[in-house]
Amino acid sequence: LEERKEFFVLNQTPLWKYFLVVFVIGICALYATPNLYGEDHAVQISAGKNVVLDAAVVEKVTAELAAADISSKSILLENDQILIRLKDSDTQLVAREKIDKALGDDYIVAMNLAPDTPDWLESLGGTPMKLGLDLRGGVHFLMEVDMKSALSKTLQDMAGDFKTALRDEGIRYRTVKQLDDGVEIYFRDQETLDKAEFFLKNRNRDLVFVERTGLVIFANMSDQKLAETRDYAVKQNITIIRNRVTQLGVSDPTVQKQGPDRIVVQLPGIQDTAKAKEILNATATLEYREVDLEHDVRDAINGRVPAGSELLPYDKGGPQLLKKKVIVAGSSIIDANSGVDQYGMPKVSISLDSKGGAKMLNFTKRAVGKPMAVVFIEFKTTGERDEDDKLIFEEDRRVISVANINGVFSNAFETTGLDSPQEAYDLALLLRAGALIAPIQIIEERTVGPSLGQENIDLGTKAIIYGFIAVLIFMLIYYKKFGFVANIALTLNLVMIIGIMSMFPAAALTLPGMAGIVLTVGMAVDANVLIFERIREELKDGRSPQQAIHHGYDSAFSTILDANITTFLVGLILFAVGTGPIKGFSITLMIGIITSMFTAIILTRVIVNAWWGGKRLTKLSI
Amino acid sequence: MQLLNMKETIKFMSLKKPAAILSVFLIIGSLTSLAINQLNWGLDFTGGTQIEVGYEQTADLEQIRRQLEASDFNDAVVLNFGSSQDVLIRLASREGVKPSELGDAAIKVLKEADSSAEMRGSSYVSSSVGEELTEQGGLAMLVALICILIYVALRFEWRFALGSVAALTHDVIITLGLFSVLGLEFDLTVLAAVLAVIGYSLNDTIVVCDRIRENFRKVRKGEPEDIINISLTQTLNRTIITSLTTILVLLALFFVGGATIHGFATALLFGVVIGTYSSIYVASLVALTLGISKEDLMPTEIEKEGADQEPMV
């Protein structure tokens, strides 16, 4: 009796579930569509600090391209950027070079792949999937900051600082020794030691002092200070690398901290990797110099530069005549921070190591009221090569700050009179960039040439299509009409994976990721196989078709859930522990598990119900 | 259409002794090979420099070797990679050249000798990074196995949990053994594949365990061995069809996926076959040997999820 009653209510889908399914798949399909439009090879121009992008620049670029006989698809000025779409990667390369030469150093000219997504899709946030370096071509560097030398330099500064401080305070010490893990200060008697310990402890609150046998104080950085020093060394390097990467003309580069002492640099689409390495490894430094007031700047500009001085360009005003003798070099700078002084005006606080402090003291004693300049020295590539095929670097020297000395100071001082907080920030950044305390080393490098990247895309796509078609045919033959339903689910599953991958820009598609999609296609049918086999069993046990469908879906559900949760766990672990290719694989695997659960269980049920539900059936096409 | 139309229950467990012997034999063989031959670790794990060079014509490996030797690149390993035009070169470290610049230097030499030589890719991995990856890889596998052990023990029963983990360990060891015996290169993508084998084999094992549990509750009579036989017979069709569809896509990867993904496809193809076998024999055999019985699986505490819930659709 009960079975009869069930017959009429079995296998009906409530209306809301139809809407849910259509909504979820619709959204995924919408965000998957940008992938159909492809990408244009483009050149992207953005303005440097002192210039603006306007119609005049567009005109200049258009004229330059016309002169070089390069046809462009479009030239657009938008969001403070000019985007020039070109027909292929060769013209892109030539066009970038021409434009770069024509516009000069004030503009940043980068190569880019611009998605050809229609405006209405773009306004909804639709973008194509981000491709990993193995598909797009490019360079991946993993760099390690040499913490040992960073810490050693800090300890060296500490030792020097102790000597000066104790001497100034009139506390007599025997010797100061720098060890691998700290600094030891030796004394002649206990009384002086106690006095020194009290004095130093009060003075350096971020250090730890321990008394050791033999009239010795051992000083070390506190854990917090140690962490700060490490963190600082990495951040400083990141700042420098970011500055240099802009020089390379790469669009959306990645410069990121990884782990405690590593930096990941990813430069997609770069052709000349040797050049990239040379530029990244180039050094920058800076010098404090005295402004030459004895001679006239105008004379120097007219070509009469006095011996012992030189003329250098200054961003904020005319060229400056500086004495060649260096007061303090950039390697003496420990730290530079921007902030505001007591009047609320922007300032930069600078601290020097003890050696630099002593030199600065000597200089400022006789130079109060005189101006002092900071020269920033950077090695920039000219783009040309010497006979050894090495890039030619030229030393680019420019004055970044000129300030009057208001008093005598040594290792800590401030630069004020800056125009804006932004300027203070920029100056502090440059000061730090010129004071590289920790060298970096490339510990991993992976380069994928553009031709290999394209080949990987083609091969991966081919494998997905072949595998996909093979499974479709198999399911259709084996499960007939139900196989057809499973095939709809499988197709939409693929669309959903692509849609979700496109929605999250962090999920870049890699070649192992494509392998993950292929594997998902193979395994996604598993849920349907489980359900259909169950339905067949129920039919064999003599249940009516409607009952078989109902029970088949029901009893297969917990099995599917268990099996998928455990596989998802594996994916999660892969993601957490793995790097590079493993991460790419685990992302598609996890997305695939979720989407295949949705399509194989919910979607096929909706279709099956609509097709067979509520009808009087004597047999099923399964 | 039906692949296997089974009227009778197949007596899988009557073959438990031969199966156990086969598994033990394969595991010992794999471990021996791993101990003696070890794995042919790829660049990702050993560290070093490797470049991929493409030529317009068929590459003459012997000549490339000579060109490199003439420029003091001794001990370079030159191999074809993917096609006859593509060459993979592993460079030994050289005094006076930074390891990260070794590749660029070698490309220059080859380009001078033959202008059609094109740098298609290059990798440099320092030995410290390689060591870390090896550690991380091993750790990933261990963590994966432990998490699975806990999950299955909670959802099913500890005997099944041990059975599943035994099956997975079995699959991993034998897949690694295959790579060791054949001397195939073991790189990061292969590691990903081995971990995917864990996922796949687990999937299979769970389906079988699930059915065994269900039948222990449903079938009134019968020894544990009979119930396992019934369950394996009932799930056999599904096991084979899923393996088949997975193998279909893996064959596509193997044949058209390109050289980079070859090792990945090989490991998974073999792993799927071994995983299918282990889900039938290893997992249930271990559970049976540990003395799984009806009482352990009666739904007194462990509720079958979904049974008391609203149906999904």
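Within every chain, numbering begins at 1; the chains are lettered A, B, ... in the order of the sequence lines, protein sequences first and strands thereafter. All figures in this text were calculated on a predicted structure; none of them were measured in a lab.
Using a 4.5 Å cut-off between heavy atoms, B:D44 contacts chain A through both its backbone and its side chain. Of the atoms belonging to B:V129, it is side-chain heavy atoms, and not backbone ones, that fall under 4.5 Å from chain A. For A:L530, the parts sitting under 4.5 Å from any heavy atom of chain B are the backbone and the side chain alike. Of the atoms belonging to A:E455, it is side-chain heavy atoms, and not backbone ones, that fall under 4.5 Å from chain B. The contact between B:L268 and chain A is made entirely by side chain atoms (from C-beta outward), counting heavy-atom distances below 4.5 Å. A:V518 touches chain B through backbone and side chain together, each having a heavy atom under 4.5 Å away. Heavy atoms closer than 4.5 Å to chain A are found in the side chain of B:E132, but not in its backbone. Of the two parts of B:I107, neither the backbone nor the side chain holds a non-hydrogen atom closer than 4.5 Å to a non-hydrogen atom of chain A. For A:L569, the part sitting under 4.5 Å from any heavy atom of chain B is the side chain, from C-beta outward, and nothing else. Heavy-atom distances place the side chain of A:I573, and not its backbone, under 4.5 Å from chain B. For a residue to count as touching a neighbouring chain, one of its non-hydrogen atoms must lie under 4.5 Å from one of that chain's; by this rule A:D134 does not touch chain B. Residue contact with chain A, scored on non-hydrogen atoms closer than 4.5 Å, is absent for B:F254. Neither the backbone nor the side chain of B:Q50 comes within less than 4.5 Å of any heavy atom in chain A.
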Could you check B:R238 against A:D526 for side chain to side chain contact (heavy atoms under 4.5 Å, CB included), going step by step and ending with a plain yes or no?
CA-CA 8 Å; B:R238 175 262 152 200; A:D526 182 52; 2.5 Å; yes
For B:I241 and A:E533, what are the C-alpha separation, side-chain angles and deciding distance, and is it a side chain to side chain contact (heavy atoms under 4.5 Å, CB included)?
CA-CA 10 Å; B:I241 289 162; A:E533 285 299 319; 3.5 Å; yes
Assess the residue pair B:T242 and A:V525 against the criterion (side chain to side chain contact (heavy atoms under 4.5 Å, CB included)); give the C-alpha distance rounded to whole Å, side-chain angles, the decisive distance to 0.1 Å, and a yes or no.
CA-CA 7 Å; B:T242 302; A:V525 290; 5.8 Å; no
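Salt bridge annotation for A:E537-B:R211: present, with a cationic side-chain nitrogen under 4.0 angstrom from a carboxylate oxygen. In this structure, A:R534 pairs ionically with B:E214, as a charged nitrogen and a carboxylate oxygen lie closer than 4.0 Å.
Note: A:F474 CZ to B:T245 OG1 = 7.0 Å, rounded to the nearest 0.5 Å. In this structure, OG1 on B:T189 lies 8.5 Å from CG on A:L511, to the nearest 0.5 angstrom. With values rounded to the nearest 0.5 angstrom, A:M514 atom CE is found 10.0 Å from B:L253 atom CG.
Counting heavy-atom pairs closer than 4.5 Å to chain A, the top-ranked of the candidates B:Y200, B:F264, B:Y151 is B:Y151. Your options are B:C147, B:S122, B:G47, B:G199, and the one with the most heavy-atom pairs under 4.5 Å with chain A is B:S122. When each of A:A470, A:P512, A:A515 is scored by its heavy-atom pairs under 4.5 Å with chain B, the top score falls to A:A515. Among A:R446, A:M475, A:K462, the residue with the largest count of heavy-atom pairs under 4.5 Å with chain B is A:R446. Counting heavy-atom pairs closer than 4.5 Å to chain B, the top residue among A:G584, A:G460, A:G453, A:G467 is A:G467. Comparing A:V448, A:N564, A:D562 by how many heavy-atom pairs each has under 4.5 Å with chain B, the most go to A:D562.
Scanning all heavy atoms of the two residues, the minimum distance from B:G257 to A:L459 falls at O-CB, 3.7 Å. Of all the heavy atoms in B:A196 and A:L519, the pair that sits closest is CB-CD2, 4.0 Å.
Contact annotation: the side chain of A:V570 approaches that of B:I148 to within less than 4.5 Å [non-hydrogen atoms, C-beta and beyond]. By the 4.5 Å heavy-atom criterion applied to side chains, A:E445 and B:S123 are not counted as neighbours. With a 4.5 Å cut-off on side-chain heavy atoms, B:V249 and A:F468 do not count as touching. When side chains are defined from C-beta on, B:L195 does not count as touching A:F585, because their heavy atoms never get closer than 4.5 Å.
Separation of the A:Y466 and B:F255 ring centroids does not fall under the 6.0 Å cut-off.
For the side chain to side chain contact (heavy atoms under 4.5 Å, CB included) test with B:I206, the passing option among A:T566, A:I565, A:T567 is A:T566; the others fail.
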